[in-house]
Structures are given as C-alpha cells and as structure tokens.
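Structure first, then comments.
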Amino acid sequence: MSYTKEDIKKIAEEQNVRFIRLQFTDLLGTIKNVEIPMSQLDKALDNKMMFDGSSIEGYVRIEESDMYLYPDLDTWVVFPWVAQDRVARLICDIYMPDGTPFAGDPRGILKRALKEAEEMGYTAMNVGPEPEFFLFKTDERGEPTLELNDQGGYFDLAPMDLGENCRREIVLTLEEMGFEIEASHHEVAPGQHEIDFKYADAIKAADQIQTFKLVVKTIAREHGLHATFMPKPLFGVNGSGMHCHQSLFQGSTNVFYDESDKLGLSATARYYMAGILEHARAMAAITNPTINSYKRLVPGYEAPCYVAWSASNRSPMIRIPASRGLSTRVEVRNPDPAANPYLALAVMLKAGLDGIKNKTTLPAPTDRNIYIMTEEERIESGVPSLPVDLKEALDELLRSDVICSALGEHALAHFYELKEIEWDMYKTQVHQWERDQYLTLY
C-alpha cells in the first residue's frame with residue numbers, strides 16, 4: 001500500500017500506537033532501529049531524526065557520525081504481536097547532513113543498481129525469495145540449544161512436523177502485516193522450514209526478507225523455540241538457502257520471455273544468466289557472506305557448489321522454473337539467508353546487467369547431475385566451482401570491477417575489512433574437530 005503522512009498519523013491514533021521503530025540495515029545485514037515515542041512522529045516523517053552512524057557496522061568514523069533517517073512511508077506497518085502500547089515500523093534510507101544519500105547504505109546501494117537498470121530501459125526487477133530456517137528448542141533460560149524441535153522431512157506433517165503450529169502462526173502474522181503467502185512447508189532436514197511469499201519489486205522484496213526474519217524469530221520465541229537463518233547449523237543435513245527467483249520487466253512486459261524460443265527464454269534472459277555465471281565467484285562473498293556459508297556449499301546436500309545452469313536439473317547454480325509468460329524467471333540457488341538481501345540483490349542485478357550490456361555468451365546447459373561427475377568431467381564440461389571458503393570468495397571479489405562497483409568504494413572497503421577480521425579470527429581459533437582428531441593422536 002501507499003501511505004501519506006496523514007494516513008500514518010491517523011492509523012497510529014486509531015490503533016493506539018505508542019512507539020515507532022525507525023529501522024535500517026547495517027552492512028552485514030543486521031536490522032537496526034531507533035525507537036521513538038509517538039510525540040516524535042512528525043519529526044521522523046519530516047526526515048529530521050538523527051542517529052550516531054559511527055556505532056553501526058560499516059557506516060562511518062566517529063568524527064563524521066551524524067546521519068539522518070528518511071522513512072519510506074510505504075513500509076509503514078503496525079506489529080500485530082503487541083496488543084497494548086502498540087509498536088509500528090518504518091524502514092528508512094540513510095542520508096548525510098548535507099542531504100545526500102549515504103554511499104554505504106545497503107538499501108541505497110540496491111537503489112543505485114536499480115537506477116542503472118532503469119537507464120537501460122528496465123522498469124522493474126521482480127524477485128521471489130525463498131529463505132529457509134531451522135527451529136531449535138530453548139533451555140530453561142531461553143537460550144538456544146542444539147536440540148531440534150522435530151524429526152520431520154520434506155513436506156512432512158504432524159506428528160512428524162512439530163513445528164507446524166509455530167509455522168502457521170508465522171504465516172498468519174505475516175498475512176496480517178500485508179504479505180501474500182504462497183506456501184509453507186517442512187523442508188528436507190529435521191527442524192528445517194520454508195515459507196514462500198509472493199514476488200515483489202527488488203526493494204520491497206529485500207524489505208520483506210528483513211521483516212520476515214524479524215517475524216520468524218519473534219513468533220518462534222513465543223513458542224519456546226529459537227529460529228536461526230544460519231546457513232549450516234548442523235553437520236550431515238541440508239543447510240538453509242535463500243533461492244532468489246528474478247526477472248526484469250519493461251512496463252507490464254516480462255523481458256525474460258520469448259515464446260518463439262525452445263525454452264521460452266529471450267536473448268535478454270540468456271545474457272542476464274551469462275552475466276551472473278561470469279561473476280558468480282566474485283558475488284559469492286556477498287551472496288554467501290559467512291565462514292559457515294561454505295559448509296553449506298558442498299556436494300550431496302542439494303546446495304549448488306558449481307557454476308552452471310539448467311532448465312530442469314537442480315544441481316547447477318541457476319535453474320529455470322517451468323512457468324512461462326509473465327512468470328518466466330531465473331532461479332539463482334546459491335545465496336543463503338545470512339546474506340544482506342539489499343547487497344545480494346544489488347550484485348546479482350549488476351552482474352546480470354553486465355551480461356546484457358556485453359551480450360555475454362551463455363554456456364550450454366548442464367543437464368547431468370553435477371554431483372556425480374568427476375573433476376575431469378566437470379573441467380571438460382566447462383563447469384567451475386564456487387569458492388570453497390570465505391577467503392577465496394573475498395579474493396575473487398577484489399578481482400571483479402563489476403561487483404566492486406556495485407558495492408561502491410565505501411561499502412567495499414568496510415565489508416572487506418569486516419570479513420577479513422572474521423576470517424582471521426576463524427583461522428587462528430582452535431576448533432573442537434582439531435582436538436577430537438589430534439589430542440590423543442600426537
């Protein structure tokens with residue numbers, strides 16, 4: 001819905017809203033907020049609320065810390081889980097004191113990529129995300145344990161799927177907040193779930209992913225559970241992905257569809273896919289941004305670890321779902337829900353646009369199960385691997401002018417620095433696996 005300032009003030013009064021969360025996202029994808037009382041709503045709606053940007057990961061130094069929150073009025077929603085002294089939310093863009101957009105704002109970075117698409121004649125990037133999550137039991141202090149709340153499998157139902165009631169309440173809450181839910185189900189691994197919501201334009205889709213994570217965690221806690229979007233919380237089972245279905249539109253026309261093509265794909269769609277495949281290794285640091293992300297991208301657990309595409313095969317990185325016409329789209333399967341959705345969509349769009357600009361040749365589809373191919377067969381078929389760890393992904397990121405330019409100098413420098421620290425902490429830590437392997441052997 002579209003809202004005016006007057007609409008928001010009227011709804012806030014009618015629904016007894018007492019506090020408003022002015023939300024934004026830091027560089028690592030964590031939701032932040034400044035909570036204000038109703039008495040400050042007019043000031044917020046006039047873009048006059050300031051905060052200290054030096055306290056936010058990847059933002060600015062302490063000597064240049066003043067920043068402004070510009071609420072997007074169309075993101076107004078009243079949280080349904082608070083019955084009294086109700087709380088509402090507005091998602092904000094970040095601006096500098098001189099009135100210019102902050103270069104390191106993830107939402108602004110996605111807007112810059114969309115502006116480039118618009119200049120090329122594309123009026124919308126539609127995205128349908130599929131973020132998966134696990135539900136773990138909590139202990140008597142409310143802390144998460146490693147005990148799953150069920151032993152269900154793909155599409156199971158109660159009594160095997162003991163997360164069914166929690167998942168239903170999540171769906172109902174999301175619908176009350178304006179989401180159009182298409183399906184919800186138990187995923188492959190025990191304790192793993194997926195809720196699919198209708199596609200939206202890229203900014204709204206990224207906003208919805210952030211809202212979705214907040215709702216899932218909030219409702220899970222009310223059920224005595226801990227919801228995590230960690231890509232691979234357990235060894236030996238499937239990890240959680242965030243497949244991103246995407247297409248480009250010109251007005252009401254899906255430019256990815258061509259009824260005369262054997263697969264129903266336009267030349268634009270093929271160039272777009274070629275761009276994503278060409279830059280896949282460099283994008284991985286953004287689409288798969290944690291140490292843990294690369295524990296998911298291994299053969300045998302349905303997560304794509306090879307840079308290829310197919311119209312049906314689910315082992316490559318890009319799959320083409322069967323729907324055609326307005327629903328023609330490409331499904332990029334390697335992103336995970338730890339990714340900052342604004343940055344992930346920005347780099348995928350930028351890579352796809354680069355493929356369109358350069359009319360990059362799309363490799364032949366890989367319709368075999370890549371997981372059972374030998375390394376020699378993969379090399380012969382021209383199928384490279386995604387990076388094997390975060391360090392390799394960061395190295396690939398710095399080699400790509402296209403992906404670096406999508407982030408911009410500020411975000412790139414701060415993101416790389418934060419992730420380099422993360423890698424150094426990991427590689428110098430002594431892990432339980434090492435003690436199990438070596439403590440008595442040597």
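- More than 12 heavy atoms of other residues, nucleotides or ligands shown are found within 6.0 angstrom of CZ on Arg86.
- Note on residues 268-287: pairs passing side-chain hydrogen bond (donor to acceptor under 3.5 Å, both in side chains), not counting sequence neighbours, are Gln246-Tyr272, Asp261-Arg270, His279-Asp354, Arg281-Glu392, Arg281-Glu396, Thr287-Asn334.
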For this session: Go through the steps to decide whether Asp105 and Lys111 satisfy the test salt bridge (charged side-chain N to carboxylate O under 4.0 Å, His left out), and finish with yes or no.
Result: CA-CA 10 Å; Asp105 175 19; Lys111 285 187 174 183; over 6 Å; no
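- A donor-acceptor pair under 3.5 Å is absent between the side-chain atoms of Gln40 and the main chain of Phe19, judged by distance alone.
- For Asp196, the side-chain contact (heavy atoms from CB on, under 4.5 Å) partners at least two apart in sequence or on another chain are Glu130, Ala183, His185, Glu194.
- Residues in residues 216-238 take part in no salt bridge (charged side-chain N to carboxylate O under 4.0 Å, His left out) pair, two or more places apart or across chains.
- For Gln432, the side-chain contact (heavy atoms from CB on, under 4.5 Å) partners at least two apart in sequence or on another chain are Arg435, Asp436.
- In this view, Phe179 and Phe197 satisfy the ring pair (Phe, Tyr, Trp, His ring centres under 6.0 Å) rule, not counting sequence neighbours.
- Ring planes of Phe136 and Phe134: parallel class, angle under 30° (limits at 30 and 60°).
- Thr75 places a side-chain N or O within 3.5 Å of a backbone atom of Ile91 that can act as its donor or acceptor partner.
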For this session: Could you walk me through whether Glu331 and Arg333 pass salt bridge (charged side-chain N to carboxylate O under 4.0 Å, His left out), step by step?
Result: CA-CA 6 Å; Glu331 178 188 6; Arg333 297 172 56 82; 3.2 Å; yes
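- With sequence neighbours left out, the side chain to side chain donor-acceptor pair (under 3.5 Å) criterion links Thr290 to Ser293.
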